[in-house]
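What you see below is based on every heavy atom in this structure, not just the backbone, and it leaves out hydrogens, waters and symmetry mates. In what follows, chains carry the letters A, B, and so on, assigned in the order in which the sequence lines appear, proteins first and then strands, with residues in each chain numbered from 1.
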Protein chains: 4
Amino acid sequence: MSRRPNTEQRRTEIVNALLVAMAEYGYEKATIQLIAQKAGLAPGLLHYHFKTKVEILLELVKTLVDLSLCRYLEFAESAKTPEQKLHAYINARLANGRGADPKAVTAWVVIGAEAVRQPEVRAVYQKAINSELSLIRGLLTECLKEQRKPTKNASRLAAGLLAYMEGAFQLASAAPDAMPSGYAASVAIELVQRYIEGESQKE
Amino acid sequence: MSRRPNTEQRRTEIVNALLVAMAEYGYEKATIQLIAQKAGLAPGLLHYHFKTKVEILLELVKTLVDLSLCRYLEFAESAKTPEQKLHAYINARLANGRGADPKAVTAWVVIGAEAVRQPEVRAVYQKAINSELSLIRGLLTECLKEQRKPTKNASRLAAGLLAYMEGAFQLASAAPDAMPSGYAASVAIELVQRYIEGESQKE
Amino acid sequence: MSRRPNTEQRRTEIVNALLVAMAEYGYEKATIQLIAQKAGLAPGLLHYHFKTKVEILLELVKTLVDLSLCRYLEFAESAKTPEQKLHAYINARLANGRGADPKAVTAWVVIGAEAVRQPEVRAVYQKAINSELSLIRGLLTECLKEQRKPTKNASRLAAGLLAYMEGAFQLASAAPDAMPSGYAASVAIELVQRYIEGESQKE
Amino acid sequence: MSRRPNTEQRRTEIVNALLVAMAEYGYEKATIQLIAQKAGLAPGLLHYHFKTKVEILLELVKTLVDLSLCRYLEFAESAKTPEQKLHAYINARLANGRGADPKAVTAWVVIGAEAVRQPEVRAVYQKAINSELSLIRGLLTECLKEQRKPTKNASRLAAGLLAYMEGAFQLASAAPDAMPSGYAASVAIELVQRYIEGESQKE
DNA sequence: AATGAATGAGCATTCATTCAT
DNA sequence: AATGAATGAATGCTCATTCAT
């Protein structure tokens, strides 16, 4: 009798097509026509499944946030100590290889620039940043505690690490050849490790 | 030979207007009309002084690079030791206060996203990144030398510091409320200092 | 022969949904999707029961004409004299209260504007106008005859009364607050009565 | 040096083109392309002189209101008595011949239907209706006073006359062939005259 | 140098209609 | 009968660029 809905699948296809198109052309130049073409769909169909173009972008932000969290959980699966978890996190975010997705990284960079001017995008971006900060702060706090170091600087260090990562994404997307190969994860780990070492012991 | 009465000034006005417009609306939405309005000029005049819109953007990149170098030189004026110079550099880039220009920072972030997709922009952006990397590497190398530490990691550390700064710009532009206030410069200095401290002495 | 289970009912539902949608959004903005939603039906179903959108509109015109005639017959049920019938008619069309349907009135106004440009709509609209004119002319003729007045102006007066009513519909739909409350029926009755009084007696 | 603005002229051209297009196709089908074509201009230019399509419509309303007032003043030029003025008004609005503009009438009808659904249009439409009501009320009040009749019904009668006129416009636009030729002005005058005659003398 | 109107390609979005299920 | 996804032409609007003055 009735036709079976396939909206969820179509929405996913469209969001992925935006990811690809944005990584290549940016948000403005990732036109509905182009996204439709990358998804192999008729342009009109995109507006059947999404009310506006920015709604696709908001969905993409969600998708990337989820993806990023999953990737950490995967990397952290066998991690026991706080330090192992922290390294798992940094590697999940910055290491090349296994499942690293340059297009997703570039899309994230473009989203960051859109967050500058589009309030709706900014809102979800900020939410994502806050979640990430919490996650990092937690990981750092555990490391500091284990080494009997004070945790009062955990927030500031977390902010620093997040900045480092966001910048690494930016540079990987826009000036990869200028950067030493594979620096990102290893330098991050060293910086954080030595920062913690440098903290004076609690009494 | 021929007098060019006010061409240079007009160009500067236009470039500054783009800076302001971009910080607020992004590159695509910073229309010629809008830039002209911000500059207090007629729209047609912009194409008299610049062939295309992207040419204004390229000029803006140059301007920002110059500005940024000047700012460092200003901060470093009284610096004697390598360490003082390094701190001067980091403060010039990341500290709030004197002459900090949030709009320029945001414009730079937007430029970074445009570099992802526009080859012409990418070219000048990469050039700027390379210059900056050289500058940082030099500063770090001096610091390491003075402390009789090996300099072989200077490049990788320089890359890390640059990533950190670019990310700090991004987050300051798109999620300022999420970040601890005034973290950027101080955390950067601590991270680098402890990294250097952590380097094993040369023999 | 073949059973048509619910086709008639569905068609009525759809026509009523168009009535409601048009009163709110006009004809063009009363989209198939919107009509379907107001009718609680799937969009595709509308084109099963009606070939095109304008066909629904034509059906609505018929419905409104029928409705309007029924309303008169209802009001005229207890009317004996020609004057009573005329007043019943005017009240049926213009009086507030019992069964007055502002949405139907507004829909009729919108139909009148569509008749300006759509030949198909214009055809049925004109047919409706002609019927109405005949009806009014008949009522007026009876009144004139009874008062032994000449009937040669009946057509022109009928046209005037019809214009008055159509205008009252228009103003009730688009500028209700500007009009004195409840003026429409009573002023119409007075105008017609005094017009007839003013006619010179037949000899 | 600078180019002379011609905006006022262009705006007038565009508004007139909308008038013509709307009389023929209605508001929705009077597309920007079509209006531009009727005006002999490039489509993009319409949005240079008007921000949106509805803004052209609002300007058209103003134009028609002005036109209608001018036409009355012209007709009333030689009118001395209140009755002459009233007749001048009715003839200015309803009589065929001299300067009668069927397209303007039809455009006004279409505007009336747009007022049903577009708040911005409704606002200016209502304002126009209120002005017109005031004008008519004034004319009727003068007539009543002169004949020493009470003026308490002037408002209701004015509303009735306005309704009559709006309806006459509607029918002239959508069903001209159904109406007796030239009925509108003469019947209106008779109706009003006999209404006033029918008012009981003041004591 | 400067103005501001003009152009036209391109954009997101809408929507009647079709169609496989 | 019914569903709801799919289509694609059309729409209002944007905007870099051009150009007559």
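Not a single side-chain hydrogen bond (donor to acceptor under 3.5 Å, both in side chains) links B:K53 to another residue, sequence neighbours left out. Qualifying side-chain contact (heavy atoms from CB on, under 4.5 Å) partners for D:V15, counting only residues two or more places apart in sequence or in other chains: D:F50, D:I56, D:E59, D:L60, D:T63. A:V121 meets the side-chain contact (heavy atoms from CB on, under 4.5 Å) test with A:V54, A:L57, A:L58, A:I111, A:E114, A:A115, A:Q118; sequence neighbours excluded. Contacts of C:H47 classified as side-chain contact (heavy atoms from CB on, under 4.5 Å), with partners at least two apart in sequence or in another chain: C:I32. Taking the side-chain contact (heavy atoms from CB on, under 4.5 Å) definition, one finds that D:K127 meets it with nothing, sequence neighbours left out. Listed by chain and number, the residues in a side-chain hydrogen bond (donor to acceptor under 3.5 Å, both in side chains) with B:Q33 amount to none (sequence neighbours excluded). Scanning for side-chain hydrogen bond (donor to acceptor under 3.5 Å, both in side chains) contacts around B:Q37 gives an empty result, with sequence neighbours left out. Applying the side-chain hydrogen bond (donor to acceptor under 3.5 Å, both in side chains) test to D:Q9 and every residue at least two apart in sequence or in another chain returns D:E13.
Residue pairs meeting the salt bridge (Lys or Arg N to Asp or Glu O under 4.0 Å) criterion with at least one partner in residues 19-39 of chain B, sequence neighbours excluded, are B:E24-B:K38, B:E28-B:R117.
Judged by closest nucleotide on DNA chain F, D:Y27 is the one of B:Y27 and D:Y27 placed further toward the 5' end. Each of A:R4 and D:T7 was matched to the nucleotide of DNA chain E holding its nearest heavy atom; the match closer to the 5' end belongs to D:T7.
Listed by residue number, there are no residues of residues 14-25 of chain D with a heavy-atom contact under 4.0 Å to DNA chain F. Proximity of residues 37-60 of chain D to DNA chain E (heavy atom under 4.0 angstrom from any strand atom) is restricted to D:A42, D:G44, D:L45, D:Y48, D:H49.
Secondary-structure stems of DNA chain E, taken as three or more successive Watson-Crick or G-U wobble pairs (i with j, i+1 with j-1) under a 3.5 Å distance threshold, comprise E:2-21 with F:2-21.
The shortest distance between the side-chain N/O atoms of D:N6 and the OP1/OP2 oxygens of F:dT21 is not below 4.0 Å. The phosphate of E:dA6 has OP1 or OP2 within less than 4.0 Å of a side-chain N or O from D:R10.
Around CD of C:E120, the count of heavy atoms belonging to other residues, nucleotides or ligands within 6.0 Å does not exceed 12.
Looking at A:Y25 and B:V116, their side chains never come closer than 4.5 Å, going by heavy atoms from C-beta outward.
For the pair D:E28 CD and E:dA16 C1', the computed distance is 14 Å after rounding to whole Å. In this structure, C:Q33 places its CD atom 15 Å from P of E:dT18, rounding to the nearest Å. As rounded to whole Å, 14 Å separates atom C1' of E:dA5 from atom CD of D:E8.
In the set E:dG4, F:dT21, E:dA20, the nucleotide with an atom closest to the side chain of D:R3 is E:dG4. Here the side chain of C:T31 is nearest to one of F:dT21, F:dA5, E:dC15, namely E:dC15.
Heavy atoms of B:I32 sit under 4.0 angstrom from at least one base atom. A:K29 comes within 4.0 angstrom of nothing in the nucleic acid, heavy atoms only.
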